[in-house]
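Inspection log for the structure reproduced underneath, given as structure tokens.
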Amino acid sequence: MELHQRIVSAPVDFGAIRSEFGLASEYPAEAVSDARDAVDAFAGTRADRTDIEFVTIDPPGAMDLDQALRLERTATGFTLHYAIADVGAVITPGSALARESESRGQTFYLPDGTVPLHPTVLSEGAASLLPGHNRPAALWTIELDEHAVPQSFSVTRATVRSRERFDYARVQADADAGTLHPSLVALPEFGRLRIEAGLDQGAISLRLPAQDVVRHGDEWRLELEPRTAADDWNEQVSLLTGMCAARIMLEHNGAPIGLLRTMPPPAQSAIDSMRRTAAALGIAWPADVPVGRLLAGLDANTPAALVLMSEATSLLRGAGYTVLADLDDPGADKLTHSAIGAPYAHVTAPLRRLADRFVTEVCLAHCAGTEVPQWVIDGLGPAVETLRRTDAVANKVDRACVDLTEATVLAPRVGSEFSALVLREANGSRPAEIFVAQPPVLGRCEGRPPEGQRVPVRLTVADPDKRIITFDYVS
């Protein structure tokens, strides 16, 4: 499949999407003033860990750098130092800045710019772990054995200094060339071991093509978002830290306090349906192989694999937030994130997501043997309500931006024929779902094209105002 071709579109105005979803880019003046005047409330008690050679890995151009890491190979395994921007230390509870961020919930990412959780003077300046600057951080230290299984973990407040910033393509190129920064030399081995550990505990990871809208001068184009092994390795650092945070909250003696990101186990009917699809596609699926291992072993560039992964999205539904104090029956199913295969908490992106600030404060208190701040306890419930609301909005905004760009790109080509892979066949009133590689679009297709086959389709509708594209099967 030609997964990396692209096409340039005409100019696209995303302002209507901002208006439709009520996304206010401008921050209230009082909250901006709070951010500009922010000071570290724990400056006098922090450990000085500027001796650790931290580096960051982020998308090109990103300025809101939440995480910096140093990973070392030891005689018995690995030591991970993971610094997370200490947002709780620079936002005064009850302030205008606190109220505004607690209303926004998260940063919204649109192709032409962000609608930030915090004023950029803070999120892209004083609190961001930019290289060459001392910054307040919540510093995680995780000791792992030779299989990258955590043996001990804790978090404390520290001052850190990042040395250099990388993007994923640079890390991948350095790994391929054998020239990784000393702080990242162990990352490939660590990442592979952690991926294997995740599969052992039932993790499910999908590698479907991800559309991205990218600026090209004054215009926009659709691309398939590149995904390297370095993305996967770095993701394992964050996932591991989130699992350690969950364990700290769950294993703490006393009244349960904390916030987990949870997902219920997939319905057996969904797994049974996947097995039938796999059989129809000729994919061997032994009875004792979990779905996560099956998917991990497939070549994501083959039509059969893409079809099966598309159906596997039905397994990963119902993600939510669980406040531990609200659980009457804390059974395993209510505590676990089924896609990860373990209890998990958002803790590594506090500049961009509200939950992480609260979870960090709980973990810091538990590790220090102190009381969780009352503002955290009081704010968990409202934070969850904000996160549920804004997660739904964020998903709709992402889809709207892609839909608008798809329709704009394709509008001049109504009536043209394309080659498409049928990801899902039509089912009752639901039309078939197809993937066109050039330009990379996902769309609905009228008619009954056969699932898993590459077929000719004709574009019949491309309406930027309604953000709709439709194809017909050319049988």
Side-chain angles (χ1 to χ4, degrees), residues 1 3 147-149 191-211 224-225 227-229 231-236 238-240 242-243 246 260-322 331-346 391 395 421-425 427 430 432-435 442 450-453:
M1 295 181 63
L3 293 182
H147 302 294
V149 176
R192 289 190 287 267
L193 288 169
R194 287 302 310 166
I195 291 170
E196 187 66 21
L199 293 174
D200 283 343
Q201 62 194 23
I204 301 173
S205 178
L206 304 182
R207 289 165 290 143
L208 284 167
Q211 295 165 286
L224 289 181
E225 189 174 293
R227 180 81 182 186
T228 67
D231 290 76
D232 297 332
W233 304 333
N234 189 60
E235 180 182 58
Q236 292 303 314
S238 181
L239 289 175
L240 171 66
M243 286 184 271
L260 300 181
R261 181 66 162 160
T262 53
M263 180 183 287
Q268 186 60 47
S269 60
I271 295 177
D272 292 342
S273 176
M274 270 197 67
R275 285 193 172 276
R276 290 192 294 270
T277 300
L281 293 168
I283 296 175
W285 187 351
D288 60 343
V289 175
V291 62
R293 279 212 173 272
L294 173 77
L295 295 174
L298 299 179
D299 180 355
N301 290 317
T302 63
L306 288 175
V307 170
L308 198 60
M309 288 182 187
S310 178
E311 180 157 343
T313 57
S314 65
L315 306 180
L316 306 179
R317 291 178 177 169
Y321 298 91
T322 299
D333 285 356
K334 295 182 179 179
L335 299 176
T336 297
H337 193 298
S338 62
I340 296 170
Y344 172 75
H346 280 327
D391 278 353
N395 290 334
L421 174 64
V422 184
L423 297 177
R424 293 192 187 187
E425 63 187 6
N427 183 2
R430 187 195 73 189
E433 181 180 345
I434 62 171
F435 172 64
L442 293 166
E451 187 173 85
Q453 300 297 308

Q: Take D391 and Y321 through the side-chain contact (heavy atoms from CB on, under 4.5 Å) test and state the conclusion after the steps.
A: CA-CA 11 Å; D391 278 353; Y321 298 91; 2.9 Å; yes

Q: Ignoring hydrogens and angles, state whether a donor on the side chain of S269 or D272 is under 3.5 Å from an acceptor on the partner side chain.
A: no

Is there a donor-acceptor pair under 3.5 Å between the side chain of [X] and the backbone N or O of [Y]?
| X | Y | value |
| --- | --- | --- |
| R275 | W285 | yes |
| T262 | L335 | no |
| R207 | L298 | yes |
| Q201 | I340 | yes |

Salt-bridge present ([X], [Y]; N to O < 4.0 Å):
| X | Y | value |
| --- | --- | --- |
| R430 | E425 | no |
| R227 | E235 | yes |
| D232 | R192 | no |

Of all the heavy-atom pairs spanning [X] and [Y], show the shortest one and how long it is.
| X | Y | result |
| --- | --- | --- |
| S205 | L295 | O-CB, 4.3 Å |
| V422 | P450 | CB-O, 3.3 Å |
| M243 | Y344 | N-CD1, 3.9 Å |

Drop me the distance from [X]'s [atom1] to [Y]'s [atom2], to the nearest 0.5 angstrom.
| X | Y | atom1 | atom2 | value |
| --- | --- | --- | --- | --- |
| L316 | H337 | CG | NE2 | 8.0 Å |
| L206 | M309 | CG | CE | 7.0 Å |
| R261 | T322 | CZ | OG1 | 9.5 Å |
| I283 | T302 | CD1 | OG1 | 6.5 Å |
| M274 | L315 | CE | CG | 5.5 Å |
| S238 | N234 | OG | CG | 8.0 Å |

(Q) What verdict does the side-chain contact (heavy atoms from CB on, under 4.5 Å) test give for E451 and E433, after you've listed the backbone C-alpha separation in whole Å, the side-chain angles of each residue and the deciding distance to 0.1 Å? (A) CA-CA 9 Å; E451 187 173 85; E433 181 180 345; over 6 Å; no

Q: Determine whether T313 and R424 make a side-chain contact, defined as any pair of heavy atoms from C-beta on separated by less than 4.5 Å.
A: yes

Q | Pairwise side-chain contact, L208 with S310, heavy-atom cut-off 4.5 Å (strictly under) | A | yes

